[in-house]
Protein chains: 2
Amino acid sequence: MSTSVVRAIRILDLIAKSDQPMPLAAIAEALDIPRSTAHVILRDLVAESVLTCGKPPTYSVGVKAFEIGSAYLRGSGIAAVVGPELARLTGALRFTAHYAILDGTEALYLCKEDPPGLGIRLASSVGARLPSHLTAVGKASLAWLGDEAVTEHVSLKTKDASGQAVTMKRLSAELARVRELGYATDDGQITAGIRCVAAPAFDATGPRGAIGVSFLSSATESLAPIAAEVMESAARVTTLLGGESPA
Amino acid sequence: MSTSVVRAIRILDLIAKSDQPMPLAAIAEALDIPRSTAHVILRDLVAESVLTCGKPPTYSVGVKAFEIGSAYLRGSGIAAVVGPELARLTGALRFTAHYAILDGTEALYLCKEDPPGLGIRLASSVGARLPSHLTAVGKASLAWLGDEAVTEHVSLKTKDASGQAVTMKRLSAELARVRELGYATDDGQITAGIRCVAAPAFDATGPRGAIGVSFLSSATESLAPIAAEVMESAARVTTLLGGESPA
DNA sequence: TTACGGCGTTCATATATATGAATCTTATAC
DNA sequence: GTATAAGATTCATATATATGAACGCCGTAA
């Protein structure tokens with residue numbers, strides 16, 4: 001095993017998750033790496049433009065990292081399929097639309113499209129992670145996985161915005177309802193006052209992420225017409241991915 | 001120096017720039033690394049989800065890389081400033097708008113906003129690189145750098161779409177004209193039939209990327225009203241960045 | 001089926017790296 | 001201006017890594 005490579009990635013991940021530039025000492029301590037070792041790795045990462053170093057020395061993610069990361073969307077071909085559909089959704093509903101996949105116990109947001117015009121623009125969520133079982137996109141993805149697989153993708157430690165713990169039993173019931181309705185919701189579980197509606201997209205191998213929209217709870221009466229639009233987009237993505245929508 | 005870290009990054013960069021998943025042998029040969037060494041590094045990168053490995057074994061950029069890379073836009077604060085401005089531009093002009101910075105001898109595209117509705121959606125360009133002296137965004141950024149600095153950011157080897165070589169003399173003259181007008185153009189130098197107009201944004205330290213729009217050459221008569229909109233957006237970004245627009 | 005060729009994988013060893021301690025630098029308080 | 005402390009950087013050495021060669025695997029062709 002090449003410890004320095006693993007450490008380099010861990011360092012990048014740590015800095016990426018921090019909202020502020022990090023000094024060497026903080027990095028070394030957080031990852032339990034000797035300062036001198038961290039120093040060498042950081043030097044190399046800076047030299048390769050994967051990190052940038054400010055002065056006084058603090059490290060942030062650099063352009064090269066962005067460039068490499070952007071290849072993921074191109075390579076997976078997701079952006080080309082999902083992008084136009086998100087544009088359609090934001091145009092029709094005037095809500096922010098996004099696409100997210102399950103990664104570990106969290107939903108990872110891959111694409112976002114803000115509504116046209118000068119409406120509310122939610123804080124950028126591309127690259128963000130949120131607990132899968134608290135988000136509409138996460139629940140939509142989980143619903144068709146089967147109970148055994150769900151436990152692998154959920155961290156029950158996480159509580160929602162109202163402080164309510166999530167039990168497997170309760171989640172299981174909600175996912176059953178998601179399958180029934182064809183869409184999942186989140187009403188303030190992540191951010192109070194923000195509601196989300198999402199529906200899953202499938203490829204030939206099964207669920208592959210979900211498309212969702214976010215909006216102010218106060219701005220809507222009925223979810224049905226919104227859900228219908230979201231499900232239509234999700235179904236279309238499913239078709240493009242070569243998958244089949246469940247009954 | 002930690003060669004394995006540098007090699008890991010080079011490997012990631014190589015795979016990111018390839019449009020197809022790469023097998024170990026191709027990677028090892030391209031970077032002149034022994035196969036066995038490359039194998040160890042690839043194993044670690046896959047274990048950390050920075051790469052994914054298909055079967056038969058071919059490597060592509062993984063989700064972790066995307067997640068790390070997305071931190072660049074958040075951290076630099078660019079997306080928050082530029083995003084709304086791009087939205088305004090696409091809304092007003094119905095063209096695709098983008099923001100790019102100089103990186104080495106190329107322009108690196110950081111943000112893109114497609115026009116609302118079902119209009120033409122240009123192929124996703126986020127993360128793409130194009131020669132700085134052939135693109136409108138590149139030329140807009142170069143124009144206010146000073147001739148000495150320009151040579152560092154330009155690779156004169158690159159020819160434009162019409163096969164015409166670019167001399168420093170000719171470029172210098174064009175940049176002078178860009179300074180005069182306040183905006184730069186690209187009329188088919190990258191892609192025949194596609195025209196771009198861009199204007200630079202400044203922060204306190206100098207030029208910091210450029211905002212531009214792309215459209216079909218056939219779809220426009222006069223550049224002036226388009227350029228005016230682009231320059232207005234660029235000026236607004238400049239203000240937000242704490243910079244000052246030149247005379 | 002068998003032989004072949006290309007690729008991926010493993011392994012022992014020469015070699016480069018990781019690290020604790022010392023040094024230097026920078027920011028802060030007095 | 002000086003002292004102080006926190007952090008960054010350097011360096012010699014113990015240790016883990018990089019690598020060439022050998023092996024195993026899979027697809028292809030005879």
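Per chain, numbering begins at 1; letters A, B, ... match sequence-line order.
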Do any N or O atoms of the protein come closer than 3.5 Å to N or O atoms of nucleotides 14-17 of chain D, and which pairs are they?
unit_1 : atom_1 : unit_2 : atom_2 : d
D/dT17 : OP1    : A/Met1 : O      : 2.7
D/dT17 : OP1    : A/Thr3 : N      : 3.0
D/dT17 : OP1    : A/Thr3 : OG1    : 3.1
D/dT17 : OP2    : A/Met1 : O      : 3.2
D/dT17 : O5'    : A/Met1 : O      : 3.4

Show each protein N/O and nucleotides 6-10 of chain C N/O combination with a separation under 3.5 Å, one pair to a line.
unit_1 : atom_1 : unit_2  : atom_2 : d
C/dG8  : OP1    : B/Leu24 : N      : 3.3
C/dG8  : OP2    : B/Ala25 : N      : 2.9
C/dT9  : OP2    : B/His39 : NE2    : 2.9
C/dT9  : O5'    : B/His39 : NE2    : 3.2

For nucleotides 23-25 of chain D, list the nitrogen or oxygen atoms of the protein found under 3.5 Å from its nitrogen or oxygen atoms, one pair per line.
none

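Residue A/Ile9 comes nearest to B/Ile68 through the heavy atom pair O-CD1, 4.4 Å, listed as atom of the first residue, atom of the second, then distance. Listed here is the closest heavy atom pair of A/Cys111 and A/Ala79: SG-CA, 4.5 Å. Taking every heavy atom of both residues into account, A/Ala201 and A/Val237 meet most closely at CB-CG1, 3.7 Å.
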Show me, pair by pair, the donor-acceptor contacts under 3.5 angstrom made by side chains of residues 16-30 of chain B, not counting sequence neighbours?
unit_1  : atom_1 : unit_2  : atom_2 : d
B/Lys17 : NZ     : B/Asp13 : OD2    : 3.1
B/Ser18 : OG     : B/Gln20 : N      : 3.0
B/Ser18 : OG     : B/Gln20 : O      : 2.5

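Look at CD on A/Glu29: it is 15 Å from C1' on D/dA8, rounded to the nearest Å. Nucleotide D/dA8 holds its P atom 15 Å from the CD1 atom of A/Ile41, rounded to whole Å. Put simply, CG on A/Leu42 is 12 Å from P on C/dA18, counting in whole angstrom units. Note: CD1 (B/Ile33) to C1' (D/dG20) measures 15 Å, nearest angstrom.
Legend: residues meeting side-chain contact (heavy atoms from CB on, under 4.5 Å) with B/Ser70, ordered by chain and number and at least two apart, are B/Arg74. Scanning for side-chain contact (heavy atoms from CB on, under 4.5 Å) contacts around A/Asp203 gives A/Thr205, A/Arg208, A/Leu241, with sequence neighbours left out. Considering only residues two or more places apart in sequence or on other chains, A/Arg7 meets the salt bridge (Lys or Arg N to Asp or Glu O under 4.0 Å) condition with none of them.
Applying the salt bridge (charged side-chain N to carboxylate O under 4.0 Å, His left out) test to pairs two or more places apart or on separate chains, those with a residue in residues 135-146 of chain A are A/Lys139-A/Glu174. Pairs of residues two or more places apart, or lying in two chains, that qualify as ring pair (Phe, Tyr, Trp, His ring centres under 6.0 Å) and include a residue from residues 61-81 of chain A are A/Phe66-B/Tyr72, A/Tyr72-B/Phe66. Applying the ring pair (Phe, Tyr, Trp, His ring centres under 6.0 Å) test to pairs two or more places apart or on separate chains, none has a residue in residues 6-65 of chain B.
Contacts of residues 8-21 of chain A with DNA chain D (heavy atom under 4.0 Å): none.
Distance check: A/Asp114 CG to A/His98 NE2 gives 10.5 Å after rounding to the nearest 0.5 Å. Note that CZ of B/Phe202 and OG1 of B/Thr239 are 11.5 Å apart. Values are rounded to the nearest 0.5 Å.
In this structure, the helix from C/dT1-D/dA30 to C/dC30-D/dG1 shows an angle of 50° between the axis at its start and the axis at its end, each fitted on 5 base pairs and rounded to 10°.
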